2 protein chains.
Amino acid sequence: MNKQVSKRTLYRLPVYLSLLQEKYQEGVEYISATTIANLLGLNHVQVRKDLSCASTAGRPKVGYATDVLIKDLQNFLDYNNAKNAIIIGAGDLGKALLGYNGFTSYGLNIVAAFDNNPVLAGTSVKEKPIFAMEKLPRVMENMNVHIGIITTPAHTAQSIADILVKNGIKAIWNFAPTSLNVPDDVIVQNENMATSLAILSSKLNEKLKNR
Amino acid sequence: MNKQVSKRTLYRLPVYLSLLQEKYQEGVEYISATTIANLLGLNHVQVRKDLSCASTAGRPKVGYATDVLIKDLQNFLDYNNAKNAIIIGAGDLGKALLGYNGFTSYGLNIVAAFDNNPVLAGTSVKEKPIFAMEKLPRVMENMNVHIGIITTPAHTAQSIADILVKNGIKAIWNFAPTSLNVPDDVIVQNENMATSLAILSSKLNEKLKNR
DNA sequence: TCCTTTTTGATATATTTTTATCGATATATA
DNA sequence: TATATATCGATAAAAATATATCAAAAAGGA
């Protein structure tokens, strides 16, 4: 366990986890790497290798005990150890994320949003408050915030990132379609939907052409 | 040009494109692979190789003409050739996507959303209509829809996918945190936010531990 | 009890992706 | 006009990732 985990493996672990939770709810007590691989369209050796980073629950001839594997994955991904996050930019996407409670099961607790628009300041979405930008330093200090989620338009994203960094944020989840310039010790994860869309679109095109 | 494009390259092309558009607006007429690489934190050989798939605009000592490169990328990614899409599931996320007009510049035209909830049927978001599920076959037929976007909860996603496939959809953009079972000739692109979050969270953890 | 089957986990091989090296080319300058 | 330099594009090397093979372990039936 705790071998070095490749980036790609880390990408797949949450996928396994959600499949396992689904299967567990259906009453599946044991599941083999081969079954998982077939369900997800992956190679069974790869699945076994991936899982070996986080768990030793596998037993020959039996497979993995679903509940143990789920716990091991949650533990490995640190989903039990919730981290506080704030959203900057309470537009459509920002509000959608603010109101979505599903992230708590991934160890993310969104505590508030911030926006420059004075009309939004003071309002809330599902009891999560939206503040004016000026309040950011104080909220960050009081609530032990680790993660900043940027959902502003591209042209303001960099200045927001600068503010977050100045206030001590160490991880940024960036939904703005632009790349951010931050100090080396700050982590940025870009959620680039355009990119996903490009893949889909390109595959579709190829298909439409080959007819 | 038109060499075989790796999946990873395809992921990066839209990122280059948006950077280039930004730079072009700032008045940058020529840009070198090295400059791009530095701005995005990539290797300059990789950038050159990636771009070579879509363009031959590069000139020694000069770099790439920004406007030509932008056109070549748009052309390669087929962003000029818009495709119609529908959204299934008009919850927070579905509505956010429906109201977001930014996808048109990526060649995606969202024409309508569908939802089982009778309260939503007949309403609209930014002039984009929300229909009852029953209307799906007729809308798909009339509007030449190619792409289905699933923003329902995980437990209904598979049945929605089945309906889409039955009505002739050939590409699905899946935001539900579950994997879909579809015929081989249907393309699925999963937009798994949990996965991005896992990466961010894991890196953050490592950082927090190493202090 | 012994054999067969299924499955894990380790090791080895193959493939993909990234990075380094190098010659060729265009531009600017002396 | 000759020379220096930045840059491209191609090829080669290195690194990362995925797949195949195989022995060992566990379960179930003969």
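Worth knowing before you read on, the calculation uses all heavy atoms, side chains too, and leaves out hydrogens, waters and symmetry mates. Order of the sequence lines fixes the chain letters, A, B, ..., with proteins taken first and strands second; residue numbering starts at 1 for each chain. Keep in mind that what you see is a predicted model, and the values were worked out from it rather than measured.
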Without decimals, in angstroms, what is the distance between [X] [atom1] and [N] [atom2]?
{"X": "Tyr11(A)", "N": "dT17(D)", "atom1": "OH", "atom2": "C1'", "value": "15 Å"}
{"X": "Leu10(B)", "N": "dT17(C)", "atom1": "CG", "atom2": "C1'", "value": "15 Å"}
{"X": "Gln46(B)", "N": "dC8(D)", "atom1": "CD", "atom2": "P", "value": "15 Å"}
{"X": "Asp50(B)", "N": "dT16(C)", "atom1": "CG", "atom2": "P", "value": "17 Å"}
{"X": "Lys61(B)", "N": "dA26(C)", "atom1": "NZ", "atom2": "C1'", "value": "9 Å"}
{"X": "Leu51(A)", "N": "dT7(C)", "atom1": "CG", "atom2": "P", "value": "15 Å"}
{"X": "Ile36(B)", "N": "dT7(D)", "atom1": "CD1", "atom2": "C1'", "value": "12 Å"}
{"X": "Leu69(B)", "N": "dG9(D)", "atom1": "CG", "atom2": "P", "value": "10 Å"}

Can you label the angle between the Phe103(B) ring and the Trp173(B) ring as parallel, tilted or perpendicular, going by 30° and 60°?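 It falls in the perpendicular class, over 60°.
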
Which class fits the ring pair Tyr79(A) and Tyr106(A): parallel under 30°, tilted 30 to 60°, perpendicular over 60°? perpendicular

Between CZ on residue Phe114(B) and CD1 on residue Ile88(B), distance to nearest 0.5 Å: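 Nearest 0.5 Å value for the CZ-CD1 distance: 6.0 Å.
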
First locate atom OG1 of Thr152(B), then atom CD of Gln158(B), and finally report the distance between them rounded to the nearest 0.5 Å.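 Between atom OG1 of Thr152(B) and atom CD of Gln158(B) there are 10.5 Å.
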
May I have the step-by-step check of side chain to side chain donor-acceptor pair (under 3.5 Å) for Glu22(B) and Thr178(A), ending in yes or no? CA-CA 9 Å; Glu22(B) 201 178 305; Thr178(A) 186; 2.9 Å; yes

Of the options [options], whose atoms approach the side-chain atoms of [X] most closely?
{"X": "Val45(B)", "options": "dT25(C), dA20(C), dT8(C)", "value": "dA20(C)"}
{"X": "Lys49(A)", "options": "dA20(D), dT7(C), dA12(C)", "value": "dA12(C)"}
{"X": "Arg48(A)", "options": "dG9(C), dA26(D), dT19(C)", "value": "dG9(C)"}

For Arg59(B), which contact category applies under a 4.0 Å heavy-atom criterion: base, sugar-phosphate, or nothing?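 Sugar-phosphate only.
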
Starting from the 5' end of DNA chain D, give me the residue, Asn43(A) or Pro60(A), whose nearest nucleotide shows up first.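 So the residue in question is Asn43(A).
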
Let me know, please, whether His44(A) or Arg8(A) comes out on the 5' side of the other along DNA chain C by nearest nucleotide. His44(A)

Is any side-chain N or O of Tyr64(A) closer than 4.0 Å to OP1 or OP2 of dG9(C)? yes

Check whether any side-chain nitrogen or oxygen of Arg12(B) sits under 4.0 Å from OP1 or OP2 of dT17(C), and answer yes or no. no

